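Protein chains get the first letters and strands the later ones, always in sequence-line order, with residue 1 at the start of each. What you see is a predicted model, and the numbers here were worked out from it, not measured in a lab. The analysis underlying the following values was restricted to heavy atoms, covering all of them including side chains, and did not include hydrogens, waters or symmetry mates.
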Amino acid sequence: MTDISYSSPKTIDEAVAAMVAAKGAGRILAGGTDLLVQLRAGFVKPGSIIVDIKKIAEMTSIEDKGGGSFKVGAAVTGMQLHDHPTFKKAWPGVLEAINLIGSKQIQGRASAGGNLCNASPAADSVPALVAAGATVTVQGPKGRREVAVEKIPAGPGRMTLEPGEIVVSFTLPARPAGSSDAYLRLIPRTEMDIAVVGCGVNLTMKGGICTAARVGLGAVAPTVLLVEAAAKALIGSKLDANALEAAAAACRAVCKPIDDKRGTIVYRTKIAGVLLKRATAIAAERAAKN
Amino acid sequence: MSKQKYKWVGTRPDRPDGADKVTGRARFGADFNMPGQLVGKVLRSPHAHAIIKSIDTSAAEKLPGVKAVVTAKDFPEQPNLIVPTGEMQVNLRDITRNVMAREKALYESHPVAAVAATTDAIANAALALIKVEYQVLPHVIDVAEAMKDGAPLLHDNLITEGVKPVPTKPSNIAKRIDNVKGDTDAGFKQAEIVVERDYTTQPVHQGYIEPHACLASMAEDGQVQIWSTTQGHFQVRGFCSRLLNIETSQIRVTPTEIGGGFGGKTVVYLEPVAVMLSKKSGKPVKMVMSRDEVFRASGPAPGGTVHVKIGAKKDGTIVAAECTIALQAGAFPGSPVGPACWTSFACYDIPNIKVIGYDVVSNRPKVAAYRAPGAPISAWGVESTMDILAQELRMDPIDLRLKNAAKKGTKTSYGPVFDTIGFVETLEAAKKSEHYKSKPKPGMARGVAAGFWFNVGADSSAAAHVAEDGTVTIISGNPDIGGSRASLALMAAEELGVDYDKVRPVIADTSSIGFNFVTGGSRVTFATGLAVVNSVRDLIRECKVRAAKTWGVDPDGVIWENGCAKPAGSNVGEFEPLSLAQLAATAGKTGGPINGHNQLNAQGAGPGFGVHIVDLKVDRDTGIVEIGRYTALQDVGTAIHPSYVEGQMQGGAVQGIGWALNEEYIYSAKGKLDNAGFLDYRMPVASDLPMIETVIVEVANPHHPYGVRGVGEVPIVPPLATVGNAIARATGVRMTDLPMSPPRLSAALDAATPRMAAE
């Protein structure tokens, strides 16, 4: 009953071929912080074909493209990003979100690619990547394509990837001076927990005015949301109380959460607004220094 | 202080089991294996309440690699007989049904069958082949719902005890208890202020890190060996003997190291099943629960409802107090409602007290003991009400408690009159503490509450053996769950007048030492400690006899001092002192090996009192509570090993804080547990809390040679109200329902202060 096969291709083409050959039974192994737990718990059915992507250079490297733009391999670990010399200054919100995945030990293994492909609405890195305007390079049997990160999840545990497609890397865009980002999540404890609500905010400030903004909201709907109405409320404002409240109201308005063991509908909806305001304040403070 | 009085008692040497534990050598429940052993697994009910119409195990039995399958049919019926287990009681008729469901499945994950197979995968496949036909019944989870007329009945024959006239119809209320002192009606007439509130608490799991595990082997001659992670291997032996009709001496149980118990490992779940599987298969059988099984089918402590009414004079003198407590027993009767009632007002000297308790069954796992069973629940109600009283009287909360504090001579509502106790001393220590004297930091508010636990004595046996070189082995029979080996060795070294590292304590299996009651009730350092001290005194008596023989004098002419036999005076004669090593070297000529023994039923366990202080901050937008500073103070009698005493105080406080803030069982509409894991059953993690500060108060227990009182349970009693009282003072909102989790606290704050939710 342990007839699970394993391969570790050296190229993306080989990995895609292995996934195609697996006919839907393929499972990508990056850090394994979700997959190995599922294997132990018996959620991964016999006959699975494990495709380990950690030996593929493009998927494990970080490229600083200048001007704040980065290309981050899907299997790059949280610790690799944490220790990168320039990433933190450029994308502190994305980094803090990725570094919230699991404990310190998990950070040595866990990747943003895995976090995205686990397709949990509560994934910490995803709202920050959505706010950042990250795109995802996907490769499959029909070649490569670029997709906005928010288009990847389809619902809890489900993705929009075509059969055989693999998430290869994330591209973070260049941004003007005066830009920064922040991510906040609410958990009942201080660590080792899953977001009740997560909120990423990415801002550009010029002369005290917000000239660009993106807001990502997690754990309040079946997928992570890009909240364009909240961004709209912030853009053109001085991030005054009225603008913040309008943006918070926009966040509350898009929430379609559920009552479950991690929080109530009322609570999650309220917290979406609270986190929007707090994350905006942090992002603005950081932007003022950039 | 003890440091001047004693050479070893009160010092902090390394624990005897420390090196093994930090290097991974220590063997816990799942670490024991035998050649040819099988894997045992349990099939559990998917329904919260269902009649088991039939079980067909034939397909599972035919699966290659399956060596045995058992159901309730393999276990003999048991009489309606109540036996003690730790601080709780169980009915044999019920416990055999809890180990393996018979007529009905009474909670989700109630065991209905078990298999033994050659591999894990085959055992799982076999479970899937067992066909159980259920008739699903309506279920009831909540204690208040279960008490209502028309609630689904768990047991058709359950008639409420303790009610007159005797009810004619069955219900889910197993028992009512009444506990009265004085006349509360008359008392409340004298009151100038009365505070009355209703409170609720949720069930909480003991949360031990190590899941239940055992290895059992029954040989062809009927002898049984069991290795089990348990707080009471004699109880494992006793239950297996009773439930399987095996003579007690045929069973030998060896306790493994234990990865936490907190009361939850005083009952049996796996052991009788493993023995039966071993009997049927002829092979050793190992069973280890998953975390999911631990949450769904073991423990927890009950949840309940508490109604409290306290009447006082304007100067704070309490004249009357009432309390009504209803506790969930789980699927079978036997919640700790008795202790919940008896402890409720035990901190206070109140002339008129009335306490009523109800024991209520519902479709949840049968509750097990958890640190001071029942007491934190009534203390949550009583100590919150005391805080409201202090606020309304504009009195300092410690002063209010000092004004009413129980003392030597106070008669409790449940009967006994207190001997020497240290509640006043503990309250005064709290008042004098640096924490209480300093102002809370900006944004922080302070809460205070107290707590009580009886502590118990009961049966213990111990032996002390002198080795050939004069070093000593101390043999006792209580699994060490809190550093008791170190404490026993310290007391033995003190008695003998030898160094701590010359005394090695071991925990013997059931066939190698006399009977010992469970490690529970905070009894081991007190009661087993007393047995160890007495066994060492017996050993010293023997040493004096041997010295007397050596010198040709009367044994009365020999004294024991600093680890040596000496002549009592010059009239006895001039002899060089004889050390243990010297006595051991000549033992063969003076009467053979030198040993000491003792067995007792320890009386006079000293009650314990604790006072806790917290400074905390509430995030009004999110309802998240941040604990800034926490101090636990407690009268421990004498701290034999202060580090492990402090560890108990800190651990109890942390578990109580988790109970207060986040821990709860979340059931689906179908009566299934939704949060059966440490991710969503939110015990505190290390980063949630500051270092818990401790203040040890020592008011010696007159009934122990070193003044020991039990320590382990008191510290979980005060934290619930300590935290709630601070939240009330921080926000002006009095929380009466646990847990005070972020969603609940946020909703309560919003309800009390209508405002823009996100301002």
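Side-chain contact check for Lys270(A) versus Asp750(B): some heavy-atom pair is nearer than 4.5 Å. In this structure, the side chains of Asp621(B) and Lys277(A) stay at 4.5 Å or more apart for every pair of heavy atoms.
Between atom OG of residue Ser746(B) and atom CG of residue Leu186(A) there is a gap of 9.5 Å, rounded to the nearest 0.5 Å.
The environment of Glu285(A) atom CD is sparse: at most 12 non-hydrogen atoms of other residues, nucleotides or ligands sit within 6.0 angstrom. For Met79(A), the CE atom sits in a packed shell: over 12 heavy atoms of surrounding residues, nucleotides or ligands are nearer than 6.0 Å.
The backbone N or O of Asp674(B) sits less than 3.5 Å from a side-chain atom of Lys261(A), completing a donor-acceptor pair.
In this structure, Pro743(B) and Tyr267(A) approach most closely via the heavy-atom pair CA-CD1, 3.5 Å.
For Ile271(A), the part lying under 4.5 angstrom from a heavy atom of chain B is the side chain only. Heavy atoms closer than 4.5 Å to chain B are found nowhere in Arg268(A), neither backbone nor side chain.
Counting heavy-atom pairs closer than 4.5 Å to chain A, the top residue among Ile666(B), Thr622(B), Thr119(B) is Thr622(B).
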Name every donor-acceptor pair, under 3.5 Å, that has one atom in a side chain of residues 677-690 of chain B and the other anywhere in the protein, sequence neighbours excluded.
| residue | atom | partner | partner atom | Å |
| --- | --- | --- | --- | --- |
| Asp680(B) | OD1 | Arg262(A) | NE | 2.6 |
| Asp680(B) | OD1 | Arg682(B) | NH2 | 3.1 |
| Asp680(B) | OD2 | Arg262(A) | NE | 3.3 |
| Asp680(B) | OD2 | Arg262(A) | NH2 | 2.7 |
| Tyr681(B) | OH | His205(B) | N | 2.7 |
| Tyr681(B) | OH | Glu663(B) | OE1 | 2.5 |
| Arg682(B) | NE | Asp193(A) | OD1 | 3.1 |
| Arg682(B) | NE | Asp193(A) | OD2 | 2.7 |
| Arg682(B) | NH2 | Asp193(A) | OD1 | 2.7 |
| Ser687(B) | OG | Thr190(A) | OG1 | 2.6 |
| Ser687(B) | OG | Glu191(A) | OE2 | 2.9 |
| Asp688(B) | OD1 | Thr190(A) | N | 2.7 |
| Asp688(B) | OD1 | Thr190(A) | OG1 | 2.2 |
| Asp688(B) | OD2 | Val685(B) | N | 3.1 |

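Not a single salt bridge (Lys or Arg N to Asp or Glu O under 4.0 Å) links Asp83(A) to another residue, sequence neighbours left out.
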Quiz item: For Ile624(B) and Ile187(A), what are the C-alpha separation, side-chain angles and deciding distance, and is it a side-chain contact (heavy atoms from CB on, under 4.5 Å)?
Solution: CA-CA 9 Å; Ile624(B) 286 181; Ile187(A) 53 172; over 6 Å; no
